[in-house]
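Chain identifiers are assigned alphabetically (A, B, ...) following the order of the sequence lines, protein sequences preceding nucleic acid strands; residue numbering begins at 1 within each chain. Since the structure is predicted, the reported quantities are computational estimates derived from the model, not experimental observations. For the numbers below, each heavy atom of this structure counts, side chains included, while hydrogens, waters and symmetry mates do not.
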Protein chains: 2
Amino acid sequence: MDARPPSSDSSPWLPFESRRRARDEKRDAVLRTAVQLFLEQGYHRATLNEVAERLNITKPALYNYFRSKEEILFECWAVGQERVDGFIAGINARGGTGLVKLRQLVHAYAENMATDHGASLVRFDQRDLSEKNRKIVRAGKKSIDRTFRKYIADGIADGSIKPCDPKMTAFAIAGSLNWIGHWFQPDGAMSATAIADEFTDRLTEGLAARPLKKTASAVAKKKPSREGIR
Amino acid sequence: MDARPPSSDSSPWLPFESRRRARDEKRDAVLRTAVQLFLEQGYHRATLNEVAERLNITKPALYNYFRSKEEILFECWAVGQERVDGFIAGINARGGTGLVKLRQLVHAYAENMATDHGASLVRFDQRDLSEKNRKIVRAGKKSIDRTFRKYIADGIADGSIKPCDPKMTAFAIAGSLNWIGHWFQPDGAMSATAIADEFTDRLTEGLAARPLKKTASAVAKKKPSREGIR
DNA sequence: ACTTTATCTTTCCGACGGGTAATATACGTC
DNA sequence: GACGTATATTACCCGTCGGAAAGATAAAGT
């Protein structure tokens, strides 16, 4: 419609210039733009026309990479889920007490929640998906929930965590973390890492069987870093 | 379309029977049905036709009580907000230490979150509202957030709560509570009151400056009741 | 009984947006 | 240089749903 200046964000389709690029790169660009727009406006208000417009292409061109709007939504979610699955695998691989694993999970999950694809895990509505994809999403959520509960149960078993109801505790912790996806703003006062540090301490301090050696972020606020959570 | 049996839930419009009732009663019935349907299917997927159908009337009849779908959405939200404003006023009137007030707020807020109108506070999307109504909603959310922060700050000032960042602490607590609106099922294993009891202890135990006299729900799980939170 | 008023129904419209069909353009390959 | 394939565009279809217009019905007042 209107003559827009080339969009400022990076799009592989610079208007009428070298067009040919790797297919996957373009697919990813669609997902990045879509997740951003879906979060910004909500899935239903966001139109494929606008997704396309931001990429300097037209709506039907999107159908070279996706079969439907719903598939785009699902793939946005899948990226976030894969990341979570990834760092959970890492935590499992490194091992440790239940408390240590829980703290790592909280930290990584909080940081993820501050990204677009992470927030999409909680801000998108399952009911917008096909039955098939909805099943996959439910399985993913269930898996994350099981992991939280397992680390808590592990911690109770190995004595690092005070006895409590793993289910309710997991709900309480996951609730706090998921909520980050609703209020976090990249340009806000606190960085994602700072928030993750803060939440890691706050959400687990009440659980530790014995007072834990204070982490960097809790006492000497000198260098908030991922190392602080070990 | 299809000949449905008279809906099982209570509707003031029983098909073709005594029609005249108080206007407000009908308006409320619309809101009850609408909030239920909106939560069930999501605002965009829910149609006014279906709202009307559940009430044994037709879509245009709704326009006797509301000017638009958006107005219905807003009013659903307003009911939940008024309840929160109500019990906050009660807590303020009764007074007490910051910790005591915070615990009452957590308990009441958790219980409210387990109701339809309560859940609508967090499950509806502001962006579906007109600019005017969105402003009102934002003010309401802001007010609740301020209350959480104030009680925490009060508690720090009067020594009942350990020093902490009121903003982050409020976010963490409110996140846990708001999340209830996403997972609570009336027919689930725990009652709303039981959940409220549980969350009241779990979310504030880490904050108390000195170990608080254990409440009924925390140790002797004999009678979970509202009195336990004083 | 006749009118008035509120309420409800039948019928329809118009906008919006996802998705498709037909077509054009450019690149790699022979 | 011609051809095939991938990728893009223009133009269009069509279902859905919020909302309006206009007509019907019943209770209430005179």
Side-chain angles (χ1 to χ4, degrees), chain A residues 1-4 6 11-30 33-34 37-38 41-76 127-130 133, chain B residues 1 3-4 6-7 11-30 33-34 37-38 41-76 127-130 133:
Chain A
M1 281 293 179
D2 52 350
R4 285 168 61 262
S11 159
W13 296 270
L14 296 180
F16 271 73
E17 124 182 6
S18 71
R19 254 180 190 169
R20 180 64 53 120
R21 291 235 195 160
R23 186 181 173 83
D24 287 351
E25 187 177 345
K26 293 193 194 168
R27 217 184 121 98
D28 280 356
V30 172
T33 302
L37 194 69
F38 289 171
Q41 313 199 345
Y43 177 68
H44 285 97
R45 274 172 300 277
T47 69
L48 291 184
N49 265 325
E50 197 168 348
V51 173
E53 199 179 322
R54 289 198 181 184
L55 290 163
N56 299 312
I57 55 176
T58 58
K59 178 177 61 172
L62 296 173
Y63 284 79
N64 283 313
Y65 306 98
F66 300 94
R67 278 194 297 272
S68 67
K69 190 186 185 187
E70 185 258 330
E71 185 176 290
I72 296 178
L73 181 69
F74 174 73
E75 294 293 340
C76 287
R127 293 167 299 190
D128 288 318
L129 297 171
S130 68
N133 285 336
Chain B
M1 278 292 183
R4 285 167 60 264
S7 74
S11 161
W13 297 269
L14 295 179
F16 271 72
E17 122 182 8
S18 71
R19 254 182 191 167
R20 179 64 51 121
R21 292 231 194 161
R23 184 181 174 81
D24 287 350
E25 188 177 343
K26 294 194 195 169
R27 216 185 120 98
D28 279 356
V30 173
T33 302
L37 194 69
F38 289 173
Q41 313 198 345
Y43 177 68
H44 285 98
R45 273 171 301 277
T47 69
L48 291 184
N49 264 324
E50 196 168 348
V51 173
E53 200 179 323
R54 289 197 182 186
L55 290 164
N56 299 312
I57 55 175
T58 58
K59 179 178 62 174
L62 296 172
Y63 283 79
N64 282 312
Y65 307 98
F66 299 93
R67 278 194 298 270
S68 66
K69 188 184 185 187
E70 185 260 330
E71 185 176 291
I72 296 177
L73 181 69
F74 175 72
E75 294 294 340
C76 287
R127 293 168 297 190
D128 289 318
L129 297 171
S130 69
N133 285 337

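Within 4.0 Å (heavy atoms only), A:Ala46 reaches sugar-phosphate atoms of the nucleic acid but no base atom.
In this structure, of C:dT9, D:dG18, D:dA8, it is D:dA8 that holds the atom nearest to the side chain of A:Tyr65. The B:Thr47 side chain lies nearest to D:dC17 when the options are C:dT10, D:dT7, D:dC17. Nearest nucleotide to the B:Ser68 side chain, out of C:dG19, C:dC8, D:dG19: D:dG19.
For the pair A:Pro60 and A:Asn64, nearest-nucleotide mapping onto DNA chain D gives the more 5' position to A:Asn64.
Interatomic distance, B:Thr33 OG1 to B:Glu53 CD, rounded to the nearest 0.5 Å: 12.0 Å.
The phosphate of C:dT7 (OP1 or OP2) has no side-chain N or O of B:Lys26 nearer than 4.0 angstrom. Between B:Tyr63 and C:dA6 there is no side-chain polar atom (N or O) within less than 4.0 angstrom of OP1 or OP2.
Taking atom CG of B:Asn49 as the reference point, atom P of D:dT16 lies 12 Å away to the nearest angstrom. Distance CZ (A:Phe66) to P (D:dA8): 12 Å, rounded to an integer number of Å. Here the P atom of nucleotide D:dT5 and the CZ atom of A:Arg23 are 16 Å apart, to the nearest Å. Computed from coordinates, the A:His44 NE2 to D:dG18 P distance equals 12 Å when rounded to whole Å. Atom CG in A:Leu62 sits roughly 13 Å away from atom C1' in C:dG17 (whole-Å rounding). Taking atom CD1 on A:Ile72 and atom C1' on C:dG17, their separation rounds to 14 Å, with Å as the unit. The distance from atom CD of A:Glu50 to atom C1' of C:dG18 is 15 Å, rounded to the nearest whole Å. Counting to the nearest Å, the P atom of D:dT16 and the CZ atom of B:Arg45 are 16 Å from each other.
Between the side chain of B:Lys59 and the main chain of B:Thr47, no donor-acceptor pair closer than 3.5 Å is present.
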B:Glu71 and B:Tyr63: side chain to side chain contact (heavy atoms under 4.5 Å, CB included), yes or no, with the steps?
-> CA-CA 10 Å; B:Glu71 185 176 291; B:Tyr63 283 79; over 6 Å; no
Begin from the C-alpha positions of B:His44 and B:Asp128 and carry the test side chain to side chain donor-acceptor pair (under 3.5 Å) through to its verdict.
-> CA-CA 9 Å; B:His44 285 98; B:Asp128 289 318; 3.1 Å; yes
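Counting heavy atoms from C-beta outward, A:Val51 and A:Ile72 have side chains that stay 4.5 Å or more apart.
A donor N or O paired with an acceptor N or O is not found under 3.5 Å between the base of C:dG17 and the side-chain atoms of A:Lys59. At a cut-off of 3.5 angstrom, counting only N and O atoms as typed in the model, there is no donor on one side facing an acceptor on the other between the side-chain of B:Lys69 and the base of D:dG19.
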